[in-house]
Number of protein chains: 2
Amino acid sequence: MGKLDFPPIADTTRRAEIAALLRRAILTGQLEPGQKLNELRIAEQMQVSRAPLREAMRELVQEGILTSIPYAGTFVIDVTAKDIDDAYSLNKVLDEFAIELTWPLRDQRFFDELDRRHEAVKQATRDRDTTRQIETALQLHGLIHEWADNSVLLETWQRLTSRLQMYFALHQRARKEPVPAEDIHETYAQLLKGADMGAAQRHAREHIDLDFEELFAYARSLEQRDSKGARADRAGPTRNRPDGS
Amino acid sequence: MGKLDFPPIADTTRRAEIAALLRRAILTGQLEPGQKLNELRIAEQMQVSRAPLREAMRELVQEGILTSIPYAGTFVIDVTAKDIDDAYSLNKVLDEFAIELTWPLRDQRFFDELDRRHEAVKQATRDRDTTRQIETALQLHGLIHEWADNSVLLETWQRLTSRLQMYFALHQRARKEPVPAEDIHETYAQLLKGADMGAAQRHAREHIDLDFEELFAYARSLEQRDSKGARADRAGPTRNRPDGS
DNA sequence: AGAAAACAGATTGTCGACAATCTAACAAGA
DNA sequence: TCTTGTTAGATTGTCGACAATCTGTTTTCT
């Protein structure tokens with residue numbers, strides 16, 4: 001039988017491409033938290049009009065990585081230690097739920113995909129490509145959410161992931177050093193192949209704790225910096241701030 | 001001490017008002033699932049241009065109650081039985097988590113607010129105002145999520161709530177009869193005031209099960225109707241369907 | 001000098017018009 | 001008759017210009 005699954009064709013609207021560009025810039029930390037997005041300037045740089053740009057920004061606002069103040073501007077969300085902590089604790093709950101749903105649905109294709117993603121993380125680690133390392137690690141994590149066959153859960157996790165990715169990128173940028181190179185996902189992958197669901201769930205929690213340990217140090221440093229009022233170097237939501245002059 | 005909390009002033013952009021109007025129309029079931037939103041027509045009805053309307057629609061797309069197909073149109077999301085089931089099961093998990101977080105934070109203000117919202121449900125029930133009954137019941141449910149002091153959880157729950165409210169409204173519309181009038185929230189409120197957190201969590205599950213029981217019947221009826229292909233009466237995402245002629 | 005009012009510059013919000021694309025109906029050919 | 005190509009109508013996507021609003025500065029008055 002001539003089975004051949006064609007992939008859906010790409011979205012060919014400027015809006016979608018603009019949104020993707022902005023999203024990537026934010027999640028990789030190229031656009032810093034609190035920074036204001038000047039519509040005119042960005043539109044000129046991207047060679048598009050403001051209409052699709054504004055629509056794309058509206059999407060990112062709802063995605064939770066931008067925040068908009070009418071007649072004042074649209075800003076990259078500010079990252080507080082509490083935000084990171086909140087996202088992290090909810091992530092634990094979702095992971096546990098995802099494992100529970102995925103468990104009876106595991107099959108050979110699942111294991112293959114698990115290995116594939118695990119391999120991608122190891123490859124990025126070997127390449128010392130920290131950005132890609134973050135991306136692939138989150139994709140490995142995401143497998144259980146994709147496999148759980150619960151669209152609402154998946155959607156929720158993806159929203160959460162956006163922020164986590166942003167937090168990790170910021171952390172990595174703040175350190176300006178490569179991320180730990182050991183393979184901390186080996187046990188995780190093994191447990192997902194095993195027979196003890198409870199063990200997998202428990203490890204997911206510990207595993208995440210391990211991953212996030214350094215992130216928390218970064219979060220706490222943020223907390224202290226902010227409380228000292230030493231944020232004049234960042235372009236916060238102070239209205240009408242001249243950008244480059 | 002002159003303590004006085006001023007409320008934030010209203011968003012005075014057309015975009016925000018349009019989004020609110022559309023959201024309400026969708027969540028109350030006035031706009032049916034699958035229905036296409038004609039930009040020109042709506043813009044004329046609302047007496048605004050398409051720009052703010054389109055931006056508002058982009059927001060609702062990200063909120064998950066609209067879905068957009070480039071160059072084809074924007075449609076109210078289709079409701080399947082699985083969607084309802086997925087949302088419901090995730091809701092249980094979130095509720096359990098919210099109770100856990102809220103538990104140590106309960107104080108007099110919490111109890112007062114709990115009573116206030118509970119009273120609002122009873123009032124709506126007495127008034128036989130089914131739409132408001134749904135709204136207030138969800139607000140009562142939402143208290144633990146607001147109180148949990150986890151912004152990501154709250155945001156997640158609010159997204160979920162949008163859909164639940166839509167599902168309930170559809171269900172209620174399908175029945176064309178008043179919703180059960182008994183006070184099924186009494187035990188819930190009492191347990192939230194008590195000392196046994198586990199009991200509250202367990203009841204939250206059972207309580208929701210009770211609330212959703214009829215909704216599931218509706219969901220299953222949807223499933224059967226769709227599988228029979230008897231959906232010609234609804235305006236599905238068939239492109240370029242003439243609207244009123 | 002200090003406070004209030006008016007102004008100027010810049011940016012966001014909105015509008016109306018045009019271009020790109022889709023769908024359905026119709027025509028042409030095998 | 002069925003398939004393929006063309007066309008017409010309608011709708012969405014995009015653009016450039018104008019209006020509304022905000023912030024910082026200057027001016028005016030006491």
Side-chain angles (χ1 to χ4, degrees), chain A residues 6 8-22 31 34-62 66-77 232 235-245, chain B residues 8-22 31 34-62 66-77 232 234-245:
Chain A
F6 287 104
I9 64 172
D11 286 343
T12 51
T13 63
R14 299 208 194 304
R15 179 181 70 234
E17 292 192 33
I18 294 170
L21 271 176
L22 284 180
L31 283 172
Q35 189 170 348
K36 176 173 176 176
L37 278 67
N38 186 312
E39 298 178 1
L40 221 51
R41 193 161 51 83
I42 296 179
E44 284 175 5
Q45 289 177 357
M46 291 188 179
Q47 309 253 36
V48 296
S49 86
R50 285 173 54 216
L53 171 62
R54 282 174 59 87
E55 290 186 15
M57 285 167 70
R58 254 7 98 196
E59 291 184 7
L60 299 188
V61 166
Q62 285 314 100
L66 288 182
T67 159
S68 167
I69 304 176
Y71 287 105
T74 307
F75 309 85
V76 179
I77 57 165
T238 307
R239 301 190 175 185
N240 234 8
R241 185 179 190 275
D243 273 343
S245 58
Chain B
I9 64 171
D11 286 343
T12 52
T13 64
R14 297 203 195 294
R15 178 182 70 233
E17 293 192 33
I18 294 171
L21 271 176
L22 283 180
L31 283 171
Q35 188 169 349
K36 175 174 177 177
L37 277 66
N38 186 312
E39 299 178 1
L40 220 52
R41 193 163 50 83
I42 296 179
E44 283 173 4
Q45 290 177 357
M46 290 190 180
Q47 309 256 35
V48 295
S49 85
R50 284 174 55 218
L53 171 62
R54 282 174 59 87
E55 291 185 15
M57 285 167 70
R58 251 13 97 194
E59 291 185 8
L60 300 187
V61 166
Q62 283 316 99
L66 288 181
T67 155
S68 167
I69 304 176
Y71 287 105
T74 306
F75 309 84
V76 179
I77 56 165
R234 280 189 301 144
T238 307
R239 302 188 176 185
N240 234 6
R241 186 179 190 274
D243 275 343
S245 59

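No hydrogens, no waters, no symmetry mates; every other heavy atom, side chains included, goes into these values.
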Among C:dT14, D:dT11, D:dC15, the one nearest any side-chain atom of A:Arg14 is D:dC15

Among D:dC15, C:dG13, C:dT11, the one nearest A:Pro52 by side-chain distance: D:dC15

Counting only side-chain nitrogens and oxygens, does A:Ser49 get under 4.0 Å of the OP1 or OP2 atom of D:dT14? no

Would you say B:Arg58 places a side-chain N or O within less than 4.0 Å of OP1 or OP2 belonging to D:dT12? no

For A:Arg58, enumerate each residue passing the salt bridge (charged side-chain N to carboxylate O under 4.0 Å, His left out) test, keeping only those at least two apart in sequence or located in another chain. B:Glu55

Write down the distance between [atom1] ([X]) and [atom2] ([N]), rounded to a whole number of angstrom.
X	N	atom1	atom2	result
B:Glu39	C:dA17	CD	P	17 Å
B:Arg54	D:dC15	CZ	P	11 Å
A:Phe75	D:dC22	CZ	P	13 Å
A:Asn38	D:dC22	CG	P	18 Å
B:Leu53	D:dT12	CG	C1'	12 Å
A:Ile42	D:dT14	CD1	P	17 Å
B:Tyr71	C:dC18	OH	C1'	13 Å
A:Glu55	D:dG13	CD	P	7 Å

Base, sugar-phosphate alone, or nothing: which one does B:Arg15 contact when heavy atoms must sit under 4.0 Å apart? sugar-phosphate

Just call it for A:Leu37: base, sugar-phosphate, or nothing, with non-hydrogen atoms closer than 4.0 Å on any strand. sugar-phosphate

Quick check: do A:Leu22 and A:Leu53 have side-chain heavy atoms less than 4.5 Å from each other? yes

What distance do B:Gln45 atom CD and B:Gln47 atom CD have between them, rounded to the nearest 0.5 Å? 10.0 Å

Test side chain to side chain contact (heavy atoms under 4.5 Å, CB included), reference A:Thr74, set A:Met57, A:Arg54, A:Lys36, output is A:Met57

Taking only residues at least two apart or on different chains, which pairs with a member in residues 43-52 of chain B satisfy salt bridge (Lys or Arg N to Asp or Glu O under 4.0 Å)? B:Glu39-B:Arg50

